[in-house]
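Below is one structure, written out as structure tokens; the observations come after it.
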Amino acid sequence: MTKEKRKELLIRALRLYTLLVTLITILMMVLGYLLDRDRVFSYEAFFSPLIYALIGTAATMITWSDKELSVRSLVIRKIISLLLIEGAIILIALNSDTIPTEKSWILPALALGIFAVFVLSHIIQYHIDRKEAEKISTDLARYQEKQMNGSSAS
């Protein structure tokens with residue numbers, strides 16, 4: 001992998017990590033407010049979104065490819081990524097003393113929340129990437145027009 005590709009991958013990972021921390025924090029707030037209002041957390045709870053976002057970013061980076069993928073390959077990689085994230089976070093929840101997994105609604109709510117964050121993060125990333133591609137296309141068209149006008153003037 002070239003230095004430029006590594007830099008691009010790192011930037012994408014940081015962008016995804018920041019987005020996931022935000023979405024996971026919102027998810028935890030909503031789930032807690034709707035389903036477990038009486039629960040009180042310590043300051044250690046602030047680490048949870050950071051750790052969960054790291055898991056989500058790592059799972060996405062594991063399935064990342066710098067090659068152009070077919071739609072089928074892309075969908076398979078996304079499903080694998082989602083399953084890795086779901087599995088890792090549910091495994092953490094089952095082994096955590098602070099997450100009340102004995103309540104019947106916790107695991108389904110957690111799985112649904114992870115899926116919602118996964119989908120939302122992909123939608124947001126798609127829009128960011130689309131805007132970036134539009135800007136690059138516009139810049140390229142402007143450059144080509146400038147080159148053509150410059151060469152025809154000679």
Side-chain angles (χ1 to χ4, degrees), residues 1-140:
M1 184 182 296
T2 66
K3 184 177 180 179
E4 189 64 33
K5 291 279 186 183
R6 280 193 301 265
K7 181 180 174 184
E8 179 185 333
L9 182 60
L10 179 63
I11 290 169
R12 289 184 66 81
L14 288 173
R15 185 185 308 158
L16 175 62
Y17 182 76
T18 304
L19 176 62
L20 288 175
V21 167
T22 303
L23 292 174
I24 290 166
T25 303
I26 292 168
L27 172 67
M28 289 176 67
M29 180 186 70
V30 169
L31 286 178
Y33 183 75
L34 292 176
L35 304 173
D36 204 10
R37 287 184 188 188
D38 299 330
R39 192 154 185 83
V40 178
F41 292 101
S42 67
Y43 286 110
E44 291 154 357
F46 289 110
F47 288 115
S48 299
L50 302 172
I51 294 166
Y52 298 149
L54 185 61
I55 292 168
T57 303
T60 301
M61 293 301 117
I62 289 170
T63 58
W64 184 81
S65 173
D66 59 348
K67 298 177 188 175
E68 189 70 31
L69 299 173
S70 68
V71 172
R72 180 177 178 204
S73 295
L74 181 66
V75 168
I76 289 170
R77 285 175 186 248
K78 295 297 180 184
I79 290 170
I80 291 169
S81 180
L82 177 60
L83 291 175
L84 286 171
I85 295 165
E86 291 270 6
I89 294 177
I90 288 175
L91 188 65
I92 289 170
L94 290 171
N95 290 307
S96 173
D97 295 336
T98 59
I99 300 173
T101 53
E102 69 280 354
K103 294 181 180 178
S104 62
W105 56 266
I106 289 287
L107 291 180
L110 187 59
L112 183 62
I114 292 167
F115 179 75
V117 166
F118 186 83
V119 170
L120 272 174
S121 68
H122 280 79
I123 290 170
I124 292 168
Q125 279 187 309
Y126 169 78
H127 285 292
I128 290 169
D129 290 345
R130 193 182 92 225
K131 289 288 187 190
E132 197 173 299
E134 288 172 0
K135 182 186 179 317
I136 290 170
S137 295
T138 302
D139 291 347
L140 179 60

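From a predicted model like this one, the values you see are computed outputs, not experimental measurements. Computation of the quantities below employed the complete heavy-atom set of this structure, encompassing side-chain atoms and omitting hydrogens, waters and symmetry-equivalent molecules.
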- Message: On a heavy-atom basis, which atom in Glu86 and which in Ala111 lie closest, and how many Å separate them?
- Response: OE2-O, 2.9 Å
- Heavy atoms of other groups near Glu68 CD, more than 12 under 6.0 Å: no
- Note on the structure: In short, ring-ring contact (aromatic ring centres under 6.0 Å, His included) pairs touching residues 84-118 with sequence neighbours left out are Phe118-His122
- Message: Within the 4.5 Å heavy-atom criterion, are Tyr52 and Ile114 side-chain neighbours or not?
- Response: no
- Does Leu94 reach the side chain of Leu107, with side-chain heavy atoms less than 4.5 Å apart? yes
- Message: Let me confirm one number: the CD1-OG distance from Ile24 to Ser121, rounded to the nearest 0.5 Å.
- Response: 8.5 Å
- Item | Least distance between heavy atoms, Ser104 atom then Pro108 atom | O-CD, 3.3 Å
- Taking atom CD1 of Ile79 and atom CG of Leu74, what is their separation to the nearest 0.5 Å? 10.0 Å
- Message: Surrounding CZ of Arg130 (heavy atoms of other residues, nucleotides or ligands, distance under 6.0 Å), is the total greater than 12?
- Response: yes
- Measure the spacing between CD1 of Ile55 and CD1 of Ile92 and express it to the nearest 0.5 Å. 3.5 Å
- Message: Can you tell me how far apart NZ (Lys78) and OG (Ser73) are? Round to the nearest 0.5 Å.
- Response: 12.5 Å
- Item | Over all atoms of both residues, closest heavy-atom pair of Gly56 and Leu16 | O-CD2, 4.4 Å
- Task: First locate atom CG of Leu20, then atom CG of Leu50, and finally report the distance between them rounded to the nearest 0.5 Å.
- Result: 11.5 Å
- Message: What's the separation between atom CG in Leu120 and atom CD1 in Ile124, rounded to the nearest 0.5 Å?
- Response: 5.5 Å
- Note on the structure: Looking only at heavy atoms, the pair that brings Leu84 and Ala59 closest together is CB-CB, 4.0 Å
- salt bridge (Lys or Arg N to Asp or Glu O under 4.0 Å) pairs touching residues 12-32, sequence neighbours excluded, are Arg12-Asp129, Arg15-Asp129, Arg15-Glu132
